[in-house]
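As structure tokens, the structure follows; a few thoughts come after it.
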Amino acid sequence: MGRKGSPRSPQAEGGSRAASPPPSSSSSPLWALPEELLLLICSYLDAQALGRLGQVCRRLRFFTSRDVLWRRIARGCLNSGFTQLGTDLAAGVPVKERVKVSQNWRHGRCRREILLKWKRNLMPWMELDGEYLYLSQAENIEAYRLCPDSTGLQRHPQAIFSGHQEDVCRFVLVNSHVVSGGGDGNIVLHKIHGSYSVKFSAHEQEVNCVDFQGGLIVSGSRDRTAKVWSLSAGRVGQCLHTVQTEDRVWSIAISPLLSSFVTGTACCGHTSPLRIWDFESGQLLTCLGTDFHRGAGVLDVFYETPSLLLSCGYDTYIRYWDIRTSTRKCVQEWEEPHDSALYCIRSDGNHMIASGSSYYGVVRLWDKRQTRCLQSFHLSSPTSSPVYCLRFSTTHLYAALASALHVLDFTTP
């Protein structure tokens, strides 16, 4: 019996039929689905799967780059520009790109650079406003334009705001106004775009801290008082309330609801260094915490929402307070691993906290969902300097030390 042969291809039999080409992506059944259904399917993918899907073809690369698909992923990332409530603070920047840069923040991948140096040691403060960086230098505040698409600053300041006779302690930038408190006990208000300025005597000793919202200024001083000032027409510089804190005031912040403000004091007495005061009456509303040790002064305080705020200071802890649940105990706390005082903190409004330590210019990144520090950067080794102030965008972190301004660029590790 003859053995049956295996089937032969048409080419083997001398046929001239060419092999059919692979189906194009545009003819794929995937594109027959409604766009809403495609978006729903892709919404179940994580960042890695979305990235791989986008490598299949140009059409999928375009489709999977849409902000609506990356927004859910971005809200779970560090410093992606989204707050806890979903507010987008970096609108206009593709969300996919922000997710990529967020991985550099998480893994500490960045390029370091010194932007400015000065000859004598200072205690600088800083604010970011879009494409400008404002930096206190002794008795002045200088506005530098950030170079586009780079980490640098323009060589010379675009504007200089003066008025103090001694060093600026702190300042805030709100609604195109710069409000500063100085070692001379004065408060100075400048309008950024114009020559308008106001200066008035505020405290008997240096003004350690100020905040400005809703036409009201609050200030805290070494003279153991906090004051509320009016900026309404005809009452500019008029003191509305004087609060006797019975302790030196190191930090102050106005609630986003504009109904109260919080003071952080030196904790040299027997009361909590964190207290919330009513705007209308100037009366004490509540004290935060009960277990502070003597000398555990609060050097910085920051409102995330009307009910959530962060504090840090000499006792080496970052504390996270939710005044809706309890004023006696914070809901979370993180300890500085090298037992250093914490001079400043900042939050992305979602998962990330950045802190500045008192020694060797140490900047640390924290994830609120973890108990330990995520990343550390030593900026002033071998000499030691506190990080007096830090600010960050979704791509860069700026840290002001005693004699230099440093930047960490997370776009180009």
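- Proximity of a side-chain donor or acceptor of Q375 to a complementary backbone N or O of R106 within less than 3.5 Å is detected.
- T327 places none of its side-chain heavy atoms less than 4.5 Å from the side chain of I276.
- Counting heavy atoms from C-beta on, the side chains of I318 and S355 come closer than 4.5 Å.
- Rounding to the nearest 0.5 Å gives a distance of 9.5 Å between SG of C42 and CG of L37.
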Intermediate values then yes/no, side-chain contact (heavy atoms from CB on, under 4.5 Å), L153 and L146: CA-CA 5 Å; L153 298 176; L146 297 169; 3.1 Å; yes
R391 vs W125, side-chain contact (heavy atoms from CB on, under 4.5 Å): CA-CA, chis, key distance, verdict: CA-CA 10 Å; R391 295 290 184 267; W125 198 251; 3.6 Å; yes
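- Atom CD of Q370 has more than 12 neighbouring heavy atoms from other residues, nucleotides or ligands inside a 6.0 Å radius.
- Side-chain N or O atoms of S221 include none that pairs as donor or acceptor with a backbone N or O of V207 at under 3.5 Å.
- Annotation: side-chain hydrogen bond (donor to acceptor under 3.5 Å, both in side chains) contacts of S230 (sequence neighbours excluded): S232.
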Residues T83, T305; criterion side-chain contact (heavy atoms from CB on, under 4.5 Å); working and verdict: CA-CA 10 Å; T83 66; T305 70; over 6 Å; no
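- Smallest separation of non-hydrogen atoms from S102 and C77: OG-CB, 3.2 Å.
- In terms of modelled atom types and a separation under 3.5 Å, the side chain of W250 and the main chain of C209 share no donor-acceptor contact.
- When side chains are defined from C-beta on, L189 counts as touching Y196, because their heavy atoms get closer than 4.5 Å.
- A donor-acceptor contact shorter than 3.5 Å is absent between the side chain of W105 and the backbone of S80.
- Side chains of L216 and L258 form no contact here, defined as non-hydrogen atoms less than 4.5 Å apart.
- Residues N79 and D348 share a closest heavy-atom pair of N-OD2, 2.8 Å.
- By the 4.5 Å heavy-atom criterion applied to side chains, T286 and I323 are not counted as neighbours.
- Taking a cutoff of 4.0 Å between a charged side-chain nitrogen and a carboxylate oxygen, R224 and E246 do not qualify as a salt bridge.
- Of all heavy-atom pairs spanning L342 and T316, the tightest one is CD1-O, 3.7 Å.
- Between the side chain of S176 and the backbone N or O of I192 there is no donor-acceptor pair closer than 3.5 Å.
- Surrounding CZ of R52 are at most 12 heavy atoms belonging to other residues, nucleotides or ligands under 6.0 Å away.
- Here CD1 of I353 is found 11.0 Å from CG of N350. Values are rounded to the nearest 0.5 Å.
- Contact detail for T271 and C267: the closest heavy-atom pair is O-SG, 4.4 Å.
- Within the 4.5 Å cutoff, side-chain heavy atoms of W229 are placed close to those of F200.
- Rounding to the nearest 0.5 Å gives a distance of 12.0 Å between SG of C312 and CH2 of W334.
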Step-by-step side chain to side chain donor-acceptor pair (under 3.5 Å) determination, H203 to T225: CA-CA 8 Å; H203 291 269; T225 64; 3.1 Å; yes
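- R112 is not listed as a side-chain neighbour of H406, based on a closest heavy-atom distance of 4.5 Å or more.
- Counted within 6.0 Å of CZ on R72, heavy atoms from surrounding residues, nucleotides or ligands total more than 12; the atom is thus considered enclosed.
- Distance check: M123 CE to S385 OG gives 10.0 Å after rounding to the nearest 0.5 Å.
- Without hydrogens or angle criteria, D211 side chain to I254 main chain gives a donor-acceptor distance under 3.5 Å.
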Evaluation steps, side-chain contact (heavy atoms from CB on, under 4.5 Å), between L231 and F212: CA-CA 10 Å; L231 286 181; F212 171 45; 3.3 Å; yes
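- Residues T263 and V218 are not in side-chain contact: their nearest non-hydrogen atoms beyond the backbone lie 4.5 Å or more apart.
- In R369, the CZ atom is crowded: over 12 heavy atoms of neighbouring residues, nucleotides or ligands sit closer than 6.0 Å.
- Listed by first then second residue, pairs satisfying ring-ring contact (aromatic ring centres under 6.0 Å, His included) with a partner in residues 299-328 number zero, not counting sequence neighbours.
- No more than 12 heavy atoms of other residues, nucleotides or ligands sit less than 6.0 Å from atom CG of N175.
- Checked against ring pair (Phe, Tyr, Trp, His ring centres under 6.0 Å), Y132 has no partners two or more places apart in sequence or in another chain.
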Full working for side chain to side chain donor-acceptor pair (under 3.5 Å) between H351 and D367: CA-CA 6 Å; H351 300 300; D367 187 336; 4.9 Å; no
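- With salt bridges taken as basic N to acidic carboxylate O contacts below 4.0 Å, none links D247 and R275.
- Under the 3.5 Å distance criterion, the side-chain polar atoms of K96 are left unmatched by any main-chain donor or acceptor of W70.
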H338 vs S357, side chain to side chain donor-acceptor pair (under 3.5 Å): CA-CA, chis, key distance, verdict: CA-CA 9 Å; H338 290 164; S357 301; over 6 Å; no
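- Using a cutoff of 4.0 Å between basic side-chain nitrogens and carboxylate oxygens, D88 and R71 are not scored as salt-bridged.
- Taken from CD1 in I114 to OG in S403, the straight-line distance is 8.0 Å, to the nearest 0.5 Å.
- Among all heavy-atom pairs drawn from V387 and Y343, the shortest one is O-CB, 3.3 Å.
- The neighbour count for Q332 CD, taken as heavy atoms of other residues, nucleotides or ligands under 6.0 Å away, is above 12.
- The aromatic rings of F279 and F261 sit tilted relative to each other, their planes meeting at an angle between 30° and 60°.
- Between the E304 side chain and the L308 main chain, no donor and acceptor come within less than 3.5 Å of each other.
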Derivation of the side chain to side chain donor-acceptor pair (under 3.5 Å) call for R324 and S307: CA-CA 6 Å; R324 298 168 301 183; S307 56; 3.2 Å; yes
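- Of all heavy-atom pairs between L50 and L69, the closest is CD1-O, 4.0 Å.
- Atom CD1 of I345 sits about 11.5 Å away from atom SG of C389, to the nearest 0.5 Å.
- No donor-acceptor distance shorter than 3.5 angstrom exists from the side chain of S281 to the backbone of D278, with no hydrogens or angles considered.
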